[in-house]
Peer 1: 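Attaching a single structure in structure tokens format; questions to follow.
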Amino acid sequence: MQIIKEDNLNLAIDLINDGEIVAFPTETVYGLGAKATDAKAVSSVFAAKGRPNDNPLIVHVASLDQIDDFAIVDDQVRKLADQFWPGPLTMILKLKKDNQLPTEVTAGLETVAVRMPNNQLTLKLIEATGPIVGPSANLSGKPSPTTAQHVIDDLNGRISAVIDDGPTDIGVESTVVDLTVNQPTILRPGVITAGQLGAKDPSILAILDDKTPKAPGMKYRHYAPDVEVISFDPIDTEALKKELTGKDRVIALEDTLNQLQIVSEKSWSLGQSVKSANEQLYAGLRFFDHPDSVERIFVEGMPAFGEGLAFGNRLDKASGQNHFKYLDN
Ligand code: TXA
Ligand code: MG
């Protein structure tokens with residue numbers, strides 16, 4: 001697979017226009033790009049990832065005009081776009097009748113997910129190619145890629161190229177908000193929170209129930225490394241210190257790692273804030289995902305509000321809600 005840098009962006013444009021798949025950088029995670037109006041190219045995206053075809057894709061655009069061809073843009077959409085785009089917000093909109101999108105993109109739904117990513121190279125790409133689909137550029141079931149190297153690790157030989165623009169800023173996927181229902185509903189938490197979206201009622205976050213998923217993607221086991229992942233509360237750090245064996249690894253905030261006095265090869269720092277924790281989570285999970293040498297990965301939980309909700313959602317999925325519970329007896 002080719003590695004494309006800024007000076008060679010035209011190659012990426014040509015490849016996409018020819019129906020090939022090119023991974024692209026965004027502010028959240030790397031995406032897997034193909035021309036959204038090309039049914040064959042879209043199908044090959046599902047194949048490259050090993051993604052079930054009942055899980056619809058986000059259409060990435062470079063302007064509101066590009067959406068007008070296939071989805072209904074009303075004042076609410078314009079207002080949110082004004083406020084948050086380009087940026088980590090995906091909106092679910094009603095499809096227009098007689099649109100140009102192949103049914104593969106939306107998995108046959110009457111709605112479509114759209115977003116304008118905040119990355120200059122990718123915006124230039126999409127201006128030239130028109131809308132592109134963009135699921136996260138990982139093998140289905142793996143943590144999303146936050147570097148071009150992660151994309152290569154998962155998809156070498158399966159896609160044509162990756163545009164390398166360095167590590168992504170945010171590290172967790174965009175907030176997905178459904179605007180096709182009476183009360184706008186967050187289907188996937190991200191760094192744009194319900195509060196920022198103007199929700200007066202925090203119960204707007206209700207939907208993350210895996211039994212009746214509104215975002216088809218939420219029903220699949222996601223972000224799951226091969227090694228067992230266990231979350232822990234910072235209050236249990238001393239207990240965890242006694243629990244750890246040589247085959248365990250820890251992903252935690254800097255202060256917690258200091259308290260654990262764990263050797264640096266066996267730890268991955270989440271930095272000092274929820275923001276840096278989101279940025280580092282997937283990279284840490286990938287780094288320790290070696291079942292031959294690693295038995296368990298312990299990951300520190302974050303407070304469950306604001307951007308911490310996105311972290312907790314991804315950690316729950318990676319750990320299957322497996323939580324370290326210290327029994328003091
Ligand atoms: O940050 C992101 O959103 C990244 C970057 C690459 O843009 N993309 C991403 O795409 O995370 P993906 O395919 O991994 O996740 C898209 C999520 C899935 O959970 C999917 O089920 C949901 O959005 N989705 C897509 N279309 C939908 C629709 N019409 N209705 C409800 N959920 C939808
Ligand atoms: Mg994904």
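When a ligand or atom number is given, it counts from 1 through the structure's own listing order.
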Peer 1: Identify, by atom number and element, the atoms of ligand 1 in contact range of Gly31, meaning under 4.0 Å from any of its heavy atoms.
Peer 2: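 That gives atoms 6 (C) of ligand 1.
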
Peer 1: Counting from 1, what ligand 1 atoms have a heavy atom of Ile58 closer than 4.0 Å?
Peer 2: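 Near Ile58, the atoms of ligand 1 are 3 (O), 8 (N), 9 (C), 10 (O), 16 (C).
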
Peer 1: Can you tell me if, anywhere in Ser136, an N/O/S atom lies at a distance from the Mg ion (ligand 2) that is smaller than 2.8 Å?
Peer 2: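 Given the 2.8 Å cut-off, Ser136 counts as a ligand of the Mg ion (ligand 2).
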
Peer 1: Is there a side-chain contact between Thr146 and Pro167, using heavy atoms and a 4.5 Å cut-off?
Peer 2: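 Heavy-atom side-chain distance check fails, nothing below 4.5 Å.
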
Peer 1: Within a strict 4.5 Å, meaning less than it, do heavy atoms of the Gln66 and Ile126 side chains meet?
Peer 2: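 Result yes, sub-4.5 Å side-chain heavy-atom pair found.
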
Peer 1: Distance under 4.0 Å to a non-hydrogen atom of Thr111: what atoms of ligand 1 satisfy this?
Peer 2: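 The list of qualifying atoms is 28 (C), 29 (N), 30 (N).
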
Peer 1: Could you tell me if the side chain of Val172 sits less than 4.5 Å from the side chain of Thr28, heavy atoms only?
Peer 2: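 Side-chain contact under 4.5 Å: no.
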
Peer 1: Please check if the distance between the ring centroids of His60 and Phe24 is under 6.0 Å.
Peer 2: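 Yes, ring centres under 6.0 Å apart.
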
Peer 1: Check whether any side-chain heavy atom of Asp226 lies under 4.5 Å from a side-chain heavy atom of Lys142, and answer yes or no.
Peer 2: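 Side-chain contact under 4.5 Å: yes.
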
Peer 1: Are any of the N/O atoms in Arg188 less than 3.5 Å from those in ligand 1?
Peer 2: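 There is such a contact, yes.
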
Peer 1: Give me the ring orientation class for Phe288 and Trp268: parallel if the planes are under 30° apart, tilted from 30 to 60°, perpendicular past 60°.
Peer 2: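 If you compare the ring of Phe288 with that of Trp268, the planes turn out perpendicular.
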
Peer 1: For atom 25 (C) of ligand 1, which candidate among Pro135, Pro56, Ser174, Ala23 provides the closest heavy atom?
Peer 2: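 The nearest heavy atom belongs to Pro56.
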
Peer 1: Just wondering, do Leu123 and Leu125 contact through their side chains at under 4.5 Å, heavy atoms?
Peer 2: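 Side-chain contact under 4.5 Å: no.
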
Peer 1: Quick one: which ligand 1 atoms are inside 4.0 Å of a heavy atom on Leu109?
Peer 2: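 Near Leu109, the atoms of ligand 1 are 28 (C), 29 (N), 30 (N).
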
Peer 1: Heavy-atom distance under 4.5 Å between the side chains of Thr175 and Ile186, does that happen here?
Peer 2: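 When only atoms from C-beta onward are counted, Ile186 and Thr175 do touch, with a gap below 4.5 Å.
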
Peer 1: What atoms of ligand 1 come closer than 4.0 angstrom to any heavy atom of Asn55?
Peer 2: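 Answer, ordered by atom number: 18 (C), 20 (C), 21 (O).
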
Peer 1: Applying a 4.0 Å heavy-atom criterion (strictly less than), which segment of Met91 is in contact with ligand 1: side chain, backbone, both, or neither?
Peer 2: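 It is neither part, as no heavy atom is under 4.0 Å.
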
Peer 1: Numbering the atoms of ligand 1 from 1, which are under 4.0 Å from a heavy atom of Glu173?
Peer 2: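 Here the atoms of ligand 1 in question are 1 (O), 2 (C), 11 (O).
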
Peer 1: So is Pro117 close enough to ligand 1, meaning a heavy atom under 4.0 angstrom away?
Peer 2: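 Heavy atoms of Pro117 never come under 4.0 Å of ligand 1.
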
